[in-house]
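A short write-up of the structure that comes next.
Throughout, a chain's letter reflects where its sequence line sits, starting with A, and its residues are numbered from 1.
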2 protein chains.
Amino acid sequence: MMFELQQLQQLIAIAESGTLSAAAERLHLSQPALSRSMQKLEEHFGAPLFSRTKNRMTLNETGVVAVQQARCVIEATESFDAAVRQKIKSLTLRIIGSCAPGPLWDLVPDISILASGMTIAYEILDDEALLEARLRDGTYPLVLLSHPMEGDDIVCKPYIEEQLFVSFPAGHQLASRKHLWAKDLDGLTMLLFTNLGIWSHFHNKMTKTHFILQTDRQAFSDLVTASVLPNFVTNLSRDHQNPQLHRVVVPLMDKEAKKTFYLCARKSNQQLFARIKPRI
Amino acid sequence: MMFELQQLQQLIAIAESGTLSAAAERLHLSQPALSRSMQKLEEHFGAPLFSRTKNRMTLNETGVVAVQQARCVIEATESFDAAVRQKIKSLTLRIIGSCAPGPLWDLVPDISILASGMTIAYEILDDEALLEARLRDGTYPLVLLSHPMEGDDIVCKPYIEEQLFVSFPAGHQLASRKHLWAKDLDGLTMLLFTNLGIWSHFHNKMTKTHFILQTDRQAFSDLVTASVLPNFVTNLSRDHQNPQLHRVVVPLMDKEAKKTFYLCARKSNQQLFARIKPRI
DNA sequence: GTCGATTACGTATTACGTAACAATT
DNA sequence: AATTGTTACGTAATACGTAATCGAC
């Protein structure tokens with residue numbers, strides 16, 4: 001097979017648009033590119049698919065057949081794509097954690113073992129009311145909340161605790177402290193990883209601390225080791241990220257710096273729920 | 001659609017070969033290339049199609065579905081290809097001329113007009129017995145022979161005459177001759193276009209003349225104008241090729257240098273045959 | 001040590017867009 | 001003049017093969 005799916009789509013686009021120019025625009029392609037592409041397709045068959053006058057290109061009899069058949073091929077590729085995506089979806093178990101990533105770092109591997117072969121998909125949201133709704137409407141079989149969830153058809157248990165620490169480079173002025181409060185960080189510049197779920201609420205209150213946000217995990221990690229800026233770690237993150245060499249870790253004493261996460265499920269989905277062992 | 005047919009074929013090849021290496025060899029591709037190609041396919045779906053250990057790659061559940069579906073797509077592309085080729089074939093009228101190209105230069109345009117929209121395909125052979133057989137077995141509706149054809153179910157008429165000339169550059173020693181015999185060309189070096197059908201028999205007898213053979217029409221044409229070498233032309237070729245400027249044309253008097261070509265058809269195909277007007 | 005797969009890297013192909021052109025309306 | 005398609009050309013994307021690496025058998 002020496003032709004490409006693209007070419008078939010282009011052929012169809014030309015048939016539907018009437019002219020090569022219009023099709024090119026529709027395909028976000030230049031006219032010359034499309035012209036050459038069709039020439040190649042014709043070359044493949046060794047026969048023209050269009051009848052050409054100097055400034056007009058119309059499908060000839062062969063071209064009409066080609067368009068018909070090309071539609072079948074595109075249809076086949078679309079059902080291929082759909083079938084594979086469907087399969088992937090069917091092999092994907094959707095959970096949701098409010099305070100990701102922390103609790104998920106333990107929960108996802110646990111579930112991976114319980115549901116072997118499945119891919120675990122998760123979403124991190126800071127709106128816990130929305131999470132409760134998502135559990136109830138069946139979008140997710142499991143949610144992790146920072147508080148117990150009420151409801152007749154709901155089961156819920158404490159799963160894990162997370163405690164915030166601040167990580168300082170060895171020589172930092174606060175590195176010798178045994179404990180800290182959030183207000184001690186006023187005026188500091190810190191590195192902060194994004195997508196922290198409800199932890200964001202905590203950081204948002206620290207209006208006097210300047211945060212350098214970083215969305216990319218690897219870039220964040222590189223920055224931490226390369227810079228002398230303090231950053232946050234937790235009892236959970238320390239297990240899962242690189243051990244912080246040449247760094248001192250000091251606990252935060254604010255009551256919002258320690259959270260218990262509750263694993264919640266609908267009773268109808270209790271069998272999976274029951275098999276997940278709390279880490280608390 | 002962001003994947004290629006190639007990738008689907010490769011996926012199938014891997015499934016059939018068992019390993020990536022074996023498939024790579026079968027596809028005349030290096031292992032790394034195939035590896036990357038599959039990584040791209042997985043990237044497209046955002047999910048793995050293989051389960052990988054360090055030195056083993058096996059289709060996972062998603063991959064198995066993908067292979068199944070990919071087979072359907074390939075099947076569809078093959079019927080696309082077949083349908084288009086079939087259509088092209090159905091729009092192609094096959095004729096055959098023994099002494100091409102000469103007589104065909106007139107015959108092909110004539111038939112193009114009679115069978116408007118059709119592509120005319122022809123073949124040039126120097127074996128006239130074979131041509132007769134091809135007419136009888138239906139491979140070709142029409143043949144051009146250098147002699148009349150016999151047979152109850154055969155119709156036949158003289159179509160055209162072709163006379164060989166030699167074309168010399170203006171200053172050539174033989175350019176002033178009113179006529180020539182083949183033996184006068186002994187010792188000369190001449191340009192000769194290939195695929196001349198039965199004319200080859202004539203040239204083959206001229207063992208003392210050295211021929212520079214040229215298969216490409218354009219290259220031959222360029223050589224003729226650029227060199228001072230003599231070449232053959234005919235009453236038919238002079239009409240269809242560029243007029244030979246600064247050249248003198250001298251007729252060949254040998255009886256093999258003049259041929260009458262006969263158009264032959266089966267009686268069952270007489271209606272087309274009848275509409276073709278002889279050029280004689 | 002061989003085999004199978006991935007990563008890294010330099011190169012060669014190719015595919016694209018811009019520009020220039022030809023021809024039609 | 002505006003539209004439509006083709007050709008020419010320089011560049012950017014990419015796809016490939018070789019070589020190196022890492023593990024498994």
Side-chain angles (χ1 to χ4, degrees), chain A residues 1-64 66-67 70 217-218 221-222, chain B residues 1-64 66-67 70 218 222:
Chain A
M1 219 55 58
M2 297 309 293
F3 57 86
E4 301 296 339
L5 288 175
Q6 279 195 7
Q7 292 176 298
L8 303 193
Q9 293 175 310
Q10 290 166 356
L11 182 67
I12 293 169
I14 293 173
E16 287 174 354
S17 307
T19 72
L20 185 140
S21 320
E25 191 168 358
R26 209 178 98 177
L27 296 164
H28 308 292
L29 205 70
S30 70
Q31 286 167 9
L34 187 55
S35 178
R36 279 182 307 241
S37 186
M38 289 301 99
Q39 283 169 19
K40 282 207 167 183
L41 192 57
E42 291 178 308
E43 205 172 284
H44 168 255
F45 288 116
L49 300 171
F50 302 90
S51 77
R52 301 171 148 85
T53 70
K54 279 294 169 193
N55 73 336
R56 202 77 204 173
M57 212 176 91
T58 347
L59 285 167
N60 65 16
E61 215 174 317
T62 313
V64 170
V67 169
R217 165 67 58 188
Q218 186 58 46
S221 214
D222 292 346
Chain B
M1 221 54 57
M2 298 308 293
F3 56 88
E4 300 296 339
L5 287 176
Q6 279 196 5
Q7 291 176 297
L8 303 193
Q9 292 174 312
Q10 290 166 355
L11 183 67
I12 292 169
I14 293 172
E16 287 174 354
S17 307
T19 73
L20 185 139
S21 321
E25 192 167 357
R26 208 179 98 177
L27 295 164
H28 308 291
L29 208 69
S30 70
Q31 286 166 11
L34 187 54
S35 178
R36 280 182 307 241
S37 186
M38 289 301 99
Q39 284 168 19
K40 282 208 165 182
L41 192 57
E42 291 177 308
E43 207 172 281
H44 168 254
F45 289 115
L49 301 171
F50 303 90
S51 76
R52 300 169 147 85
T53 70
K54 278 296 169 192
N55 73 337
R56 202 76 204 172
M57 213 176 91
T58 347
L59 285 166
N60 65 16
E61 215 173 318
T62 313
V64 170
V67 169
Q218 186 58 47
D222 291 347

query: What distance do B:F50 atom CZ and B:M57 atom CE have between them, rounded to the nearest 0.5 Å?
result: 3.5 Å

message: Within this structure, what is the CD-CE distance for the pair A:E43 and A:M2, rounded to the nearest 0.5 Å?
response: 10.5 Å

- prompt: Counting N and O atoms only, with roles assigned by atom type, does the side chain of B:E4 sit under 3.5 Å from a partner on the main chain of A:E4, one being a donor and the other an acceptor?
  reply: no

Pairwise side-chain contact, A:L59 with A:L11, heavy-atom cut-off 4.5 Å (strictly under): yes

- prompt: Any side-chain heavy atom of A:N60 within less than 4.5 Å of one from A:P48?
  reply: yes

task: State whether the number of non-hydrogen atoms from other residues, nucleotides or ligands found under 6.0 Å of A:E25 atom CD is greater than 12.
output: no

Using a 3.5 Å cut-off and no angle test, enumerate the donor-acceptor pairs between side-chain atoms of residues 28-35 of chain A and protein atoms at least two apart in sequence or in another chain.
unit_1, atom_1, unit_2, atom_2, d
A:S30, OG, A:A33, N, 3.4
A:Q31, NE2, A:S21, OG, 3.3
A:S35, OG, A:Q39, NE2, 3.4

- request: Map A:H28 and B:G18 onto DNA chain C by nearest heavy atom, then report which one ends up closer to the 5' terminus.
  value: B:G18

- request: Apply the side-chain contact (heavy atoms from CB on, under 4.5 Å) test between A:L41 and each candidate in A:Q7, A:R36, A:Q10; give the one that qualifies.
  value: A:Q7

field: 5' to 3' contact window, DNA chain C with chain B (heavy-atom distance under 4.0 Å)
entry: C:dG4 to C:dC9

Salt bridge (Lys or Arg N to Asp or Glu O under 4.0 Å) partners of B:R52, counting only residues at least two apart: B:E42

field: Rounded distance in Å - CZ (A:F50) to C1' (D:dT4)
entry: 14 Å

Between the protein and nucleotides 23-25 of chain D, list every N/O to N/O distance that falls short of 3.5 Å.
unit_1, atom_1, unit_2, atom_2, d
D:dA24, O4', B:N55, OD1, 3.4
D:dA24, O4', B:N55, ND2, 3.2

Let me have the donor-acceptor pairs involving side chains of residues 12-20 of chain B, under 3.5 Å, with sequence neighbours excluded, atom names and distances please.
unit_1, atom_1, unit_2, atom_2, d
B:E16, OE1, B:R26, NH1, 3.3
B:E16, OE1, B:R26, NH2, 2.9
B:E16, OE2, B:R71, NH2, 3.3
B:S17, OG, B:A13, O, 2.7
B:T19, OG1, B:A22, N, 3.0

Within residues 29-43 of chain B, residues whose heavy atoms come under 4.0 Å of DNA chain C: B:Q31, B:P32, B:S35, B:R36, B:Q39

